[in-house]
Amino acid sequence: MACGGSSSAARHSASPSGSAGASPSPATSTPGALFPSPTPVGPAVPPASYSCASAIPPAHQLALVQLRGVSGYVVRDITDILHPVTRCTFHGGSYFRFVSETRLSYIVTASGDQGAAAAMYVADLNSGTTSWVRAWANSGSLSSVYGWSPDGRSLSYISSVVNNNVEWHLLSAAGDRLLARLGNVPSRGVNRDNDDAMVGFSADGQYVAVEQTFIQGTTPPIQVNRVSDGGLAYSATDGTMAVWAGTGARLLFRTSAGVQSWAPSGGVIPVSAGTAWIHPIAGPDGSHIAFSVLNAQGNHVGQVIDLASGSIHALSPNPRVGAAFLNASLVWYAGETICTTATPCGLGGPPLSGQTYIYELGSDVENGSIDTALLDSWPHVEGQS
């Protein structure tokens, strides 16, 4: 099968990472921010280059992937999953997100070095134009974490300021609002099965959340604020791996007791006791979430939870990591080498096998995929941009 991916690239990084941007062609880059920028002076880092072979028709399903043997990132039209079409190709950039069906945001850094200058852009795939959103002189910890509102008119992001101190912001046409000073990110190792960082909007667009595990003791790991006035609606002292559900305002997250959820009308309730999910990704139908868990040998396996019943559907029993929805019935993930008592995988976790797969939920059939990575897909569950 031809398409699939993992959309967790940006949310889980504690340090900057990205490729230098290629020089844009004049036809694909125009100046001007989408709304009042917190950095009114234009960026020093140019946008990535891209080209589109054809326009994106309305109401089509898309995936931004890397294909085996193909350079760059490609926007694949997967409306007909058996006959996918490559619409656009990007060279350069990282931390891609669909803002809408025809608009794609990404970050470009001047180099791969710690503290390099960076900028965020939005590419309009049908018009071929590019707008810059914000720029920053130094890419510190968590500076790649961001998310768009359901209507694409507001941006929530984490900003690294002096000495790895980070702030949480909400940017819209009304201006740039500081939601919280989160504190200093200490220098330490990262456990990818426990450490996480994300920002995102509720499906109804009324709330915005931040979740991060890198700053401990000075700020709660989970905060939910109202979009209307920026005020705090909820915070938790225990939690990681958060994700918004596909309807209303329901934030799900992992605690020491298992998966729980918060909603403004009902508070915190248990969802799945004892489940230690890793990097949850909401499905486009709003009723399921895909994730990974660790098995007894230290490998990851993929699972899907039904939010209505709380039942969990196990996918392949073989080592698979990065489970994420390609569409409502297909889940992509990557293979891992098998950890055993004789050959343990160690602190770095299991190495990837180099093979990728797509699992069909209806038939419980797994097939190989030519996609080596998926950075994002469209349509999103509302609020999951």
Side-chain angles (χ1 to χ4, degrees), residues 4-8 11 59 61 63 78 81 147 149-150 196 198 200-209 211 222 224 233-234 236 238-294 300-317 320 322-333 358-366 374 376-385:
S6 172
S7 59
S8 59
R11 59 172 286 176
Q61 297 180 3
I78 57 170
I81 191 65
S149 63
D196 186 50
M198 66 80 73
F201 292 80
S202 59
D204 62 10
Q206 301 301 306
Y207 296 88
V208 62
E211 170 260 305
I222 295 176
V224 181
Y234 171 72
D238 177 22
T240 185
M241 304 291 173
V243 63
W244 284 104
T247 58
R250 184 185 183 194
L251 185 72
L252 296 102
F253 50 93
R254 189 182 102 192
T255 71
S256 55
V259 176
Q260 300 183 349
S261 73
W262 169 87
S265 57
V268 177
I269 60 172
V271 175
S272 182
T275 298
W277 72 13
I278 301 167
H279 301 163
I281 303 294
D285 66 355
S287 61
H288 295 83
I289 292 176
F291 55 93
S292 301
V293 295
L294 287 173
H300 298 90
V301 292
Q303 297 184 348
V304 170
I305 188 170
D306 185 314
L307 293 181
S309 65
S311 62
I312 291 179
H313 186 111
L315 308 182
S316 171
R320 304 287 187 260
F325 282 99
L326 177 61
N327 60 28
S329 62
L330 299 177
V331 176
W332 178 98
Y333 42 35
I358 292 176
Y359 191 96
E360 186 174 12
L361 293 174
S363 62
D364 287 325
V365 171
E366 180 185 84
L374 167 70
D376 201 6
S377 60
W378 184 269
H380 288 129
V381 170
E382 288 295 297
Q384 297 306 313
S385 61

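Numbers here simply count residues along the sequence, with the first being 1.
Side-chain atoms of I222 and L251, non-hydrogen and from C-beta on, do get closer than 4.5 Å to each other. Counting heavy atoms from C-beta outward, R320 and V301 have side chains that stay 4.5 Å or more apart. For the pair L361/L330, no side-chain contact is recorded, criterion being any heavy-atom separation below 4.5 Å from C-beta on. Contact annotation: the side chain of L326 approaches that of I358 to within less than 4.5 Å [non-hydrogen atoms, C-beta and beyond]. Counting heavy atoms from C-beta outward, W262 and V224 have side chains that approach closer than 4.5 Å. For the pair D204 and W244, the minimum side-chain heavy-atom distance is 4.5 Å or more. Looking at M198 and M241, their side chains never come closer than 4.5 Å, going by heavy atoms from C-beta outward. The shortest side-chain heavy-atom distance between S377 and Q61 does not fall under the 4.5 Å cut-off.
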Audit row: V293, I278, side-chain contact (heavy atoms from CB on, under 4.5 Å) steps and yes/no: CA-CA 6 Å; V293 295; I278 301 167; 5.5 Å; no

Stepwise side-chain contact (heavy atoms from CB on, under 4.5 Å) test for H313 and H288: CA-CA 10 Å; H313 186 111; H288 295 83; over 6 Å; no

Test side-chain contact (heavy atoms from CB on, under 4.5 Å) applied to F325 and V304, step by step: CA-CA 10 Å; F325 282 99; V304 170; 3.9 Å; yes

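Residue F291 comes nearest to T275 through the heavy atom pair CE1-CG2, 4.1 Å, listed as atom of the first residue, atom of the second, then distance. Across A282 and V243, no two heavy atoms sit closer than the pair N-CG2, 4.0 Å. The shortest non-hydrogen separation linking A203 to G246 is CB-O, 3.5 Å. Looking at every heavy atom in both residues, S292 comes nearest to G322 through OG-N, 3.3 Å. Residue Y333 comes nearest to S316 through the heavy atom pair OH-CB, 3.3 Å, listed as atom of the first residue, atom of the second, then distance. For the residue pair P284 and A328, the shortest heavy atom distance occurs at CG-N, 3.4 Å.
The side chain to side chain donor-acceptor pair (under 3.5 Å) search around Q303 returns none, not counting sequence neighbours. In this structure, the side-chain contact (heavy atoms from CB on, under 4.5 Å) partners of T255, at least two apart in sequence or on a different chain, are D238, F253, A257, Q260. Annotation: salt bridge (Lys or Arg N to Asp or Glu O under 4.0 Å) contacts of R254 (sequence neighbours excluded): none. Every residue was checked against the side chain to side chain donor-acceptor pair (under 3.5 Å) condition with S265, not counting sequence neighbours, and none meets it. Residues satisfying the side chain to side chain donor-acceptor pair (under 3.5 Å) criterion with Y207, sequence neighbours excluded, are absent altogether. Remark: V271 pairs with R250, L252, V259, S261, I305 by the side-chain contact (heavy atoms from CB on, under 4.5 Å) rule, at least two apart or across chains.
Under the 3.5 Å distance criterion, the side-chain polar atoms of E211 are matched with a main-chain donor or acceptor of A242.
Here CD1 of I289 is found 4.5 Å from CG of L307. Values are rounded to the nearest 0.5 Å.
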